Each structure stands twice: as structure tokens, then as C-alpha cells.
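What follows is a short report on a single structure.
Counting starts at 1 for both ligands and their atoms, in listed order. Every value quoted in this text rests on a predicted model; they were computed, and no experiment measured them.
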Amino acid sequence: MIALADWPNLFRAGAPGSPVLLMLHGTGGDEHDISTLAGQLAPDAGVLAPRGRVTEGGANRWFRRIAEGVFDVDDVEARADELAGFVSAAVVELGLNDRPLVAVGFSNGANIALATAMRHPDVLSRVIAFSGMYPFGDRQSTKRLDASALLLVNGEADPMAPRASVDQLAAALAQLGADVSRVERPGGHGIAQSDLAAARQWLDARVE
Ligand code: MLT
């Protein structure tokens, strides 16, 4: 059983009753840098930002990879399960039960958000994934996602999150019953101002 104290994290309560954004950093980031993004999406929201527990050459990550874009899928699944455990513990310890929870991840953080939501829709049912891709390699995900809503925001020429993988992800999510929204913009890996605008719009429409 995971306790909050066992896992480096940043928590800001936000306005009473507001959504809580589970902020998940990219490779080499941390809980502090990704939290600044929350203010640009929903300034009054709560923020829960854990730190990835894997390191690669000193850079924080969420799961191991064999090469860029080639994931250790056993580790993806195990780390997603671990993160779901952290989130469940945080909801109880911080009393977040009656607040909407939305994961917001960038790059490697988007990939762990997607993997966690696809394996544990009961724990995490809303995701904004910036520059994410299909996280399970050649494995299929089979859990139904009928009550899940996910926003995929990608650059159409992103070598780190190739379009074919995002297509595979969007198709898998839709097939599993999820409400999938997809925004593609010119350019590559990163978060553009238009991505933030799309995410704010999605939050307004999907999260009370
Ligand atoms: C990943 O490893 O999750 C993706 O390749 C993106 C990244 O490099 O973080």
C-alpha cells in the first residue's frame, strides 16, 4: 500500500470543489516545472504532481524504455499500476473524493497518464495528453473505457510521438468506448499556445 510520504510530490489544494489536475512531467522534468502548466490551464484548480520514479542518465521518467519510442512494456504496465496506487492513496489521504480528477501529462508524462487511464479507468477517467502516443507497444489494451474522456494533443510531424502511433491510440480508445477528442497542429514535440487553448476548451466542456 503506497502512502503519499513515500513518493516525492507537490500538492496545492486549489479552490474548494475545483478540479484537481494530476500533473505528470516529461523526461527530465519534475513536479515543480510541470505544475507551472496547471496555472495556464485552470488557475484555481488543485494540483497534485508526483515525480516519476525511474531515472535515465539522471533524468526523471515514468517508465523504462529500450530506445526512444520503444518502451519496456512490462515496466509501463507495472509503473501505471503503481501510479494508480499513488493516486488512490492521495484521494483518500488528501480528501479529494468529491473533486473531479484530470491527469495532464506531457510526453513521457502523457504516456504514463494514458497507460494508467487505460488500465485503471476506475481511478483515472479523464486525461489531457500533450505529445503522447500509444504506450503499450505491440500489446493490446482490453479494459472498457465507456466512462472515460481523453484529449490527445499532438504535433503532426513529431518524431517522438509518430502519427501512426497516435492514430493507433485514438482508434484503440474509441474502440474501447472512450470519448476521444483529438487536436493536431503543425509542428512537432512540445506544447504550443494553441494546445493550451484547446485544453482549456476541453476542460470547460468536459469537467464541471
Ligand atoms: C517516452 O519515452 O515516453 C517518449 O519517447 C517521450 C519521451 O522521450 O519522454
Subject >> Amino acids contacting ligand 1, non-hydrogen cut-off under 4.0 Å >> reply: T27, R61, F63, R65, G69, F71, S107, N108, N111, M160

Subject >> same_hphob_cluster(L114, W62) at 4.5 Å side-chain heavy-atom cutoff >> reply: yes

**OP:** Output all residues satisfying salt bridge (charged side-chain N to carboxylate O under 4.0 Å, His left out) with R64, sequence neighbours left out; order by chain, then residue number.
**Re:** D72, D75

**OP:** Could you name each residue pair satisfying salt bridge (charged side-chain N to carboxylate O under 4.0 Å, His left out) that touches residues 147-156, not counting sequence neighbours?
**Re:** none

**OP:** Tell me, yes or no, whether the heavy-atom count around Q175 atom CD, taken from other residues, nucleotides or ligands under 6.0 Å, exceeds 12.
**Re:** no

Original post:
Among side-chain atoms of S35 and R12, is any donor-acceptor pair under 3.5 angstrom?
Top reply: no

**OP:** Can you tell me which residue pairs pass the ring pair (Phe, Tyr, Trp, His ring centres under 6.0 Å) test with a partner in residues 170-208, sequence neighbours excluded?
**Re:** F106-H189

